[in-house]
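Heads up, the thing below is written out as structure tokens.
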Amino acid sequence: MTVRVRVAPSPTGNLHVGTARAALYNWLYARHTGGTFIVRVDDTDVARSTPEFESNILASLRWLGLDWDEGVEIGGSHGDYRQSSRFDRYRQVAHQLVAEGAAYFDDRSSDELDILRTRAQQEGKHPGHYIRPPDEPRSEGVIRFAANQAVEFQDLIRGDMRFDGDSIDDFVILRSDGTPTYHLASTVDDVDYGITHVARGEDLLSSTPKHILITRAMSVEPPVYAHLPLLFGADGKKLSKRHGATAVDEFRQMGFLPDAMVNYLALLGWSPGDDLTVFDRQLAVDRFDLSDVQKNPAVFDLDKLTWLNGEYIRAMDPAEFAAEVRPLVEDAVGSLTDEKWAAFEALAPLVQERTKLLPEAADQARFLYVDDLEYDEQSWNKVMDREGVSEVLDASLAALTALDEWDTESIEATLRRLPDRLERGAGKVFQPIRVAVTGSSVSPPLFESVAALGRNPSLERLREARRRL
RNA sequence: GGCCCCGUCGUCCAGCGGUCUAGGACGCCGGCCUUUCAAGCCGGUAACGCGGGUUCGAAUCCCGUCGGGGCUACCA
């Protein structure tokens, strides 16, 4: 049997990391088994779904490198993968289920149902126990599925699962406006598209018996289910906006790399074994199996993601790194000629080592391109506001002015002589020069920075700092 | 309230009856390196929620308990 899996985001928000992880696990499973990965858009909630969210979701999946074999943009033999274009089909199934006695119309008011629910709660019973067919058959209203039977199934991750008949309520499958609910649409699609494995968040575990019931009523064998552990925030609650960034797009904007993101997400609930933490997606594809996924929820840890991102940045080819950083620098200081950009490229490997998030690299490059250097106030106070700094700046200015060659080696050789001559510690000499040239006591290595900045700008900055003392 | 899931360092993951005085990673704390910051290297901190069983032997199996979480819509 060929594996067919899917991810089915609702376009009611940007791609959430939880959905992204579900997508990743489905993708890994498809790639591992040589199966098919499908992207379907669950937009039955017409009011809250938007085309913008849909594009964001698809773009984020692309960005992560989770390519799909069938889905919204591709179309193909299975029709449109957007649920809003299949409402007729869902309606047809709903009515057929009514005709077969598996579902029924219900036009009771929500007040009426609320009373039933409240009473059930007070009696300590599941509300579903009370929401059963009305005494007299109706011919309008919503369509409910008659769910009065126990359901057992094997969850690939959680094992034996059993739900009693009276714990499953007669849930709505078709709203009174004729649109399908999630339960119906999702299930019908899984059937129609021949989905073999449904790997989704654990929040849907208690809805699964409903989906199995619908599937059986359609005379089809249900797919295998695998309920993934939820992603939590630091407070142990389901990850949501109040925990900070939750959309993949936000992480992209913060400067995370897709490979780091995928690596990190893969680790949230699964591991390739051998104590491996950093691994590429091929290794994950080779080793992934849904049944190895962890049962307990995982807390999303931005610190670890950030560390991992640093690992990936350091592993980049320096030219590739520079190319990623360039637009960020240009956003900050305006567009640069290739000639001017060469200054950064010279420094790139040193900056790369010091970067965990792409924008940090742009900050480190800033001193190369601004006309009026802003001095970091803390740095200035700590380093420049002390005795003897004027001598240091004068001496370095003199020494550098006399230099014939403006390269790292010559600059280093010249400046290295200063501490002895001035009878001061190396730090006391180099830190003022650093602040003068880069504006901060934290910067890429000094000699390389001075070399990259160039002769005249460097000398001018030393003079400017001297004036400001 | 009801139904369901989960429970190994602060966090992520390894462990699937003996090799566990519990391993790796992030974080944190020291140290080395060093002109700053990083990176790198070395070392340290820290966990099987609790109580019963089963067994010669349990982090690993069973039961209970406590704790956490999810669902309980004409949202998905």
Would you say [N] has OP1 or OP2 under 4.0 Å from some side-chain N or O of [X]?
X      : N      : result
A:K237 : B:rG69 : yes
A:T277 : B:rC12 : no
A:Q294 : B:rC6  : no
A:N296 : B:rC12 : no

In the structure shown, which nucleotide is the Watson-Crick or G-U wobble counterpart of [N], with both distances under 3.5 Å?
N      : value
B:rG43 : B:rC29
B:rU34 : none
B:rG23 : B:rC13
B:rA58 : none
B:rA73 : none
B:rG7  : B:rC66

Are [X] and [Y], when compared by the centres of their aromatic rings, separated by less than 6.0 Å?
X      : Y      : result
A:H211 : A:Y182 : yes
A:F430 : A:F447 : yes
A:F300 : A:H243 : no
A:F288 : A:W270 : yes

Once you apply a heavy-atom cut-off of 4.0 Å, does [X] come out as touching a base, just sugar-phosphate, or nothing?
X      : result
A:V172 : sugar-phosphate
A:F163 : sugar-phosphate
A:H183 : base
A:L204 : base
A:R144 : sugar-phosphate
A:G310 : nothing
A:S176 : base

What is the distance, to the nearest angstrom, from the [atom1] atom on [X] to the [atom2] atom on [N]?
X      : N      : atom1 : atom2 : value
A:D166 : B:rG2  : CG    : C1'   : 10 Å
A:D301 : B:rC28 : CG    : C1'   : 12 Å
A:L230 : B:rC4  : CG    : P     : 18 Å
A:D169 : B:rC3  : CG    : P     : 14 Å
A:R40  : B:rA76 : CZ    : C1'   : 12 Å

Among B:rA73, B:rG70, B:rA14, the one nearest any side-chain atom of A:R117 is B:rA73

From C-beta outward on A:S167, which listed nucleotide comes closest to its side chain: B:rC3, B:rC74, B:rC6? B:rC3

So for A:S207 and B:rC71, does any side-chain atom that can act as donor or acceptor lie under 3.5 Å from a complementary atom in the base? no

Is any side-chain N or O of A:K304 under 3.5 Å from a base N or O of B:rC12, one able to act as donor and the other as acceptor? yes

If you measure from the [atom1] atom in [N] to the same atom in [M], how many Å do you get, rounded?
N      : M      : atom1 : answer
B:rG30 : B:rA39 : P     : 15 Å
B:rG10 : B:rG49 : P     : 11 Å
B:rU8  : B:rA14 : P     : 11 Å
B:rC5  : B:rU65 : P     : 15 Å
B:rC37 : B:rC29 : P     : 14 Å
B:rC63 : B:rC48 : P     : 23 Å
B:rG18 : B:rU54 : C1'   : 16 Å
B:rU21 : B:rC3  : C1'   : 43 Å

For nucleotides 33-43 of chain B, read 5' to 3', which letter fits each nucleotide if B means a protein heavy atom sits under 4.0 Å from the base, S means only the sugar-phosphate is that close, and - means neither? --BBBBSS---

Are A:R48 and A:F53 close enough that some pair of their side-chain heavy atoms sits under 4.5 Å apart? no

For A:Y25, is the NZ or CZ atom of A:R21 found under 6.0 angstrom from the centre of its six-membered ring and inside 45 degrees of the ring axis? yes

Please state whether the rings of A:W380 and A:Y375 are parallel, tilted or perpendicular, taking 30° and 60° as the class boundaries. perpendicular

Of all pairs that satisfy ring-ring contact (aromatic ring centres under 6.0 Å, His included), the ones with a partner from residues 347-370 of chain A, not counting sequence neighbours: none

Check salt bridge (charged side-chain N to carboxylate O under 4.0 Å, His left out) between A:D42 and all other residues, then give those that pass, not counting sequence neighbours. A:R40

Determine whether A:M384 and A:R468 satisfy the following criterion, side-chain contact (heavy atoms from CB on, under 4.5 Å), listing intermediate values before the conclusion. CA-CA 9 Å; A:M384 305 301 252; A:R468 282 170 164 261; over 6 Å; no

